[in-house]
2 protein chains.
Amino acid sequence: MTVRDRLLAAAAELIAEKGWGAVSTRVLAERAGVGSGVVHYHFDSTQAVLVQASVGALREALSGLPALLESAADPESALDALLAALDEAGGQELFIETFLAATRNDELRAAVAGVLTEFRAALAVWLAERGVPTPAETAAVLAAAVDGVLLHRALDPELSRAVVVPVLARVLR
Amino acid sequence: MTVRDRLLAAAAELIAEKGWGAVSTRVLAERAGVGSGVVHYHFDSTQAVLVQASVGALREALSGLPALLESAADPESALDALLAALDEAGGQELFIETFLAATRNDELRAAVAGVLTEFRAALAVWLAERGVPTPAETAAVLAAAVDGVLLHRALDPELSRAVVVPVLARVLR
DNA sequence: GATCGTACTGGACGATCGTCCAAACCCGGC
DNA sequence: GCCGGGTTTGGACGATCGTCCAGTACGATC
């Protein structure tokens with residue numbers, strides 16, 4: 001892995017661990033195992049590293065989802081697979097932190113909105129094929145609900161997939 | 001309003017505006033219109049101000065909710081009123097920031113978990129009275145979904161109550 | 001082997017951070 | 001008028017922040 005990629009990976013870890021506002025140039029370089037000056041050699045600023053790392057993680061986490069939806073037998077197992085995939089992809093807090101940071105950074109906002117729109121569109125098509133009413137609105141609310149579950153689960157581990165999926169599946173009927 | 005209360009109000013504003021990690025002693029004092037030293041006269045630390053302010057805002061926002069639920073005619077209008085109440089109470093970002101900070105601060109985590117448990121219990125009773133299946137699980141997922149909607153709405157203003165409520169109401173059937 | 005360009009290091013710079021504290025302020029009781 | 005205690009001020013302290021840059025390391029090219 002190149003130094004540049006190590007910096008991006010370290011940034012994703014640290015955003016989830018410490019919060020967007022607590023990732024500094026030096027802890028970032030230390031986590032990546034490089035000198036502190038190298039951050040500004042590969043990137044314009046520390047903020048730029050955070051933006052690229054979080055958007056990259058978001059894209060990657062959602063890239064496999066269309067295939068994941070198609071391969072699911074029923075809506076419940078699709079929801080379950082969706083939550084499992086987000087679980088695995090670098091900690092729940094990363095995505096929540098990215099969304100919050102996007103409300104305060106126009107460049108990040110545009111990138112996140114783009115990824116989110118794409119995901120909602122794919123989800124809406126899938127919902128429409130299965131006869132769910134108002135697929136576009138349902139997709140938007142479902143995406144929001146999944147993020148909310150990620151946020152609450154960070155506080156309450158009892159909010160497991162087994163609890164969430166049967167309830168959330170009701171919006172698919 | 002006392003200086004202490006002005007500091008708490010300023011903290012709630014600034015957490016929502018700039019994010020938990022970007023509220024410093026000096027900007028806090030400036031927003032409250034006082035000297036920078038007064039923060040450590042009334043509070044043990046800057047973090048303590050943020051914790052007290054955010055928990056206070058959370059308690060206040062949820063204190064009126066049992067009455068709000070009882071006065072609602074049907075589940076949809078109850079959901080609508082719930083979202084409207086959270087909208088009004090100091091900006092969507094404050095609660096999300098508080099939840100995220102709670103994952104990294106044990107004292108805050110305990111306080112937030114307490115308020116949340118209380119709210120979910122009241123919501124579960126209300127759901128049970130209306131014959132909703134698995135009321136405790138439904139209440140937990142509904143609370144998470146509402147927070148997720150707050151988060152997504154900060155990015156996408158089109159996610160209005162008119163869009164969200166009909167979809168989310170399906171979990172109540 | 002000398003040269004060169006890319007990759008990287010570690011320290012310097014001024015700004016800002018949280019915290020602390022001596023001094024000033026305000027105001028009711030003598 | 002004076003005094004005493006709660007309240008507030010503004011600056012000092014050392015640590016850390018983001019950014020920048022002179023200097024080093026090293027493989028490719030001649």
Side-chain angles (χ1 to χ4, degrees), chain A residues 1-56 93-94 97-98 100-109 111, chain B residues 1-56 97-98 100-109 111:
Chain A
M1 197 159 48
T2 68
V3 166
R4 194 191 140 92
D5 288 339
R6 289 220 306 276
L7 282 170
L8 290 173
E13 281 181 29
L14 288 167
I15 291 169
E17 256 174 58
K18 301 175 182 296
W20 188 281
V23 182
S24 72
T25 312
R26 287 169 182 81
V27 296
L28 182 57
E30 188 186 6
R31 177 70 61 100
V34 295
S36 66
V38 83
V39 173
H40 288 82
Y41 177 78
H42 287 292
F43 299 91
D44 286 342
S45 68
T46 302
Q47 282 296 308
V49 190
L50 304 187
V51 168
Q52 289 197 29
S54 60
V55 172
E93 287 94 342
L94 174 57
E97 289 282 354
T98 301
L100 269 175
T103 68
R104 305 178 183 111
N105 177 322
D106 285 338
E107 182 197 350
L108 181 57
R109 169 186 232 121
Chain B
M1 196 158 48
T2 68
V3 166
R4 196 190 139 92
D5 288 339
R6 289 220 306 276
L7 282 170
L8 289 173
E13 281 180 29
L14 288 167
I15 292 169
E17 258 175 55
K18 302 175 181 295
W20 188 282
V23 182
S24 72
T25 312
R26 288 169 181 81
V27 297
L28 182 57
E30 188 185 6
R31 177 68 61 98
V34 296
S36 66
V38 83
V39 173
H40 288 82
Y41 176 78
H42 286 291
F43 299 90
D44 286 342
S45 67
T46 302
Q47 283 296 307
V49 190
L50 304 187
V51 169
Q52 289 196 29
S54 60
V55 173
E97 289 281 354
T98 301
L100 268 175
T103 67
R104 305 178 183 112
N105 177 325
D106 285 338
E107 180 198 350
L108 182 57
R109 169 186 233 122

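The structure displayed is predicted, hence computed values, not measured ones. Per chain, numbering begins at 1; letters A, B, ... match sequence-line order.
A pairwise comparison of heavy atoms in B:Ala11 and B:Leu50 identifies CB-CD2, 4.1 Å as the closest pair. Nearest heavy-atom pair, B:Ile15 versus B:Glu97, reported as atom, atom and distance to 0.1 Å: CG2-CB, 3.6 Å. Shortest non-hydrogen contact noted between A:Val55 and A:Ala111 is CG2-CB, 3.8 Å. Nearest heavy atoms, A:Ser54 versus A:Thr98: CB-OG1, 3.2 Å. In plain terms, the two heavy atoms of B:Asn105 and B:Glu107 that are nearest each other are OD1-N, 3.0 Å. Shortest non-hydrogen contact noted between A:Ser36 and A:Thr25 is O-CG2, 3.9 Å.
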Residues 27-35 of chain B, side-chain donor-acceptor partners within the protein, below 3.5 Å, at least two apart:
unit_1, atom_1, unit_2, atom_2, d
B:Arg31, NH1, B:Glu13, OE1, 2.6
B:Arg31, NH1, B:Glu17, OE2, 3.0
B:Arg31, NH2, B:Glu17, OE1, 3.0

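Using modelled atom types and a 3.5 Å distance limit, the side chains of A:Glu93 and A:Trp20 yield no donor-acceptor pair.
Across all strands shown, A:Val3 has heavy atoms under 4.0 Å from sugar-phosphate atoms exclusively, and none from any base. Looking at heavy-atom distances under 4.0 Å, B:Val34 makes contact with sugar-phosphate atoms alone, never a base.
Taking A:Ser24 as the reference, nothing meets the side chain to side chain donor-acceptor pair (under 3.5 Å) condition, with sequence neighbours excluded.
B:Leu7 has its side chain within reach of B:Val38: a pair of non-hydrogen atoms, C-beta onward, lies under 4.5 Å apart. Taking 4.5 Å as the limit, every side-chain heavy atom of B:Phe43 sits out of range of all side-chain heavy atoms of B:Val51. Within the 4.5 Å cutoff, no side-chain heavy atoms of A:His42 are placed close to those of A:Gln52.
In this structure, B:Ser36 and A:Gly37 both approach DNA chain C, and ranking their closest nucleotides by distance from the 5' end singles out A:Gly37.
Distance OG1/A:Thr2 to CG/A:Leu8: 8.0 Å, rounded to 0.5 Å.
Contacts between residues 40-50 of chain B and DNA chain C, defined by a heavy-atom separation under 4.0 Å, are made by B:His40, B:Ser45, B:Thr46. Residues from residues 19-28 of chain A lying near DNA chain D, meaning a heavy-atom separation below 4.0 Å, are A:Val23, A:Ser24, A:Thr25, A:Arg26 in numerical order.
A nucleotide of DNA chain D counts as in contact with chain B when one of its atoms lies under 4.0 Å from a heavy atom; the first and last such, 5' to 3', are D:dG6 to D:dA12.
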Polar atom pairs (N or O), protein with nucleotides 22-27 of chain C, under 3.5 Å:
none

